[in-house]
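Hydrogens, waters and symmetry mates are skipped; everything else that's a heavy atom, side chains included, is used. Each residue takes its place number in the sequence, starting with 1.
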Amino acid sequence: SLSSYFAKYQCKEHTPSISTKILRDIPSPVIKSSELKGKPEESCDSQEFLDWLGAASADIDCNNEASSFLSTYCCPEPSVVMGQACLWTVTGFLLPEKIYLLLEQLRHYFDEPKLAYWTTLTVHGFADSPVSWGVTEHGFHKGGENFYNFVIFRNHDYWLQMAVGTQDGCPP
């Protein structure tokens, strides 16, 4: 059995760690579910939003002021200031069934009226995870990037953004 096989090794169970952070007065790009490519002066496109989401998740200041860095970042326009946002991070190995349950919970977030227009779920794979898209082997020797992001809107529309490294095949 599997348990008897691992009994001879020093194995221990690790549970995912969970952290919560409240972001206050954060500029956020205006996005609309029907405008994936955005519209000038009305909404940002999905790539701009994904870039901003990464910056917000990494706690990168979006005020576009240079300090000790050569580059700066600012929130895409048009934007609004969110009074409060919750960043909930789960770190560890999650089975696809658990990720699906998290996605279902986020879908039901809008069952009752909310002030929020959207919510999002981003899943990052480990750099050396055994993923592949189609028949292409995962190119973890060249970087190992692989993730997907769901943006779920109040009207139950969603965007699905997927990314892999340059050595990987494109997702289906």
Just wondering, do [Y] and [X] contact through their side chains at under 4.5 Å, heavy atoms?
{"X": "Met162", "Y": "Val123", "result": "no"}
{"X": "Phe49", "Y": "Val151", "result": "yes"}
{"X": "Leu94", "Y": "Pro16", "result": "yes"}
{"X": "Tyr158", "Y": "Leu103", "result": "no"}
{"X": "Tyr117", "Y": "Ile31", "result": "no"}
{"X": "Gln84", "Y": "Ile22", "result": "yes"}
{"X": "Leu50", "Y": "Phe147", "result": "yes"}
{"X": "Glu48", "Y": "Pro29", "result": "no"}

Within 6.0 angstrom of [X] [atom1], more than 12 heavy atoms from elsewhere:
{"X": "Glu41", "atom1": "CD", "value": "no"}
{"X": "Leu95", "atom1": "CG", "value": "yes"}
{"X": "Lys114", "atom1": "NZ", "value": "yes"}

Q | Residue from Ser43, Cys44, Ser46 passing side chain to side chain contact (heavy atoms under 4.5 Å, CB included) with Glu35 | A |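 The side chain to side chain contact (heavy atoms under 4.5 Å, CB included) with Glu35 is passed solely by Ser43 among Ser43, Cys44, Ser46.
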Q) Distance-only, no hydrogens or angles: does the Arg154 side chain make a donor-acceptor pair with backbone N or O of Leu115 under 3.5 Å? A) yes
**Q.** Distance-minimising heavy-atom pair for Leu87 and Ala56
**A.** CD2-O, 4.5 Å
Q: For the pair Asn149 and Thr120, evaluate side-chain hydrogen bond (donor to acceptor under 3.5 Å, both in side chains) and give the outcome as yes or no after the intermediate values.
A: CA-CA 7 Å; Asn149 180 63; Thr120 184; 2.8 Å; yes
Interatomic spacing from [atom1] in [X] to [atom2] in [Y] - rounded to 0.5 Å:
{"X": "Gln161", "Y": "Leu36", "atom1": "CD", "atom2": "CG", "answer": "7.5 Å"}
{"X": "Ser28", "Y": "Leu53", "atom1": "OG", "atom2": "CG", "answer": "9.0 Å"}
{"X": "Ser57", "Y": "His124", "atom1": "OG", "atom2": "NE2", "answer": "7.0 Å"}
{"X": "Phe110", "Y": "His156", "atom1": "CZ", "atom2": "NE2", "answer": "8.0 Å"}
{"X": "Ile152", "Y": "Gln105", "atom1": "CD1", "atom2": "CD", "answer": "11.0 Å"}
{"X": "Leu102", "Y": "Trp88", "atom1": "CG", "atom2": "CH2", "answer": "5.0 Å"}

Q. Same hydrophobic cluster for Leu121 and Val90, using side-chain heavy-atom links shorter than 4.5 Å among ILVMFWY?
A.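 They do share one cluster, since a chain of ILVMFWY contacts under 4.5 Å joins Leu121 to Val90.
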Q: Group every Ile, Leu, Val, Met, Phe, Trp and Tyr by side-chain heavy-atom contacts under 4.5 Å, then state whether Ile26 and Val80 land in the same group.
A: no
Q. What is the ring orientation for Trp159 with Phe153, classed by angle as parallel under 30°, tilted 30 to 60°, or perpendicular over 60°?
A. perpendicular
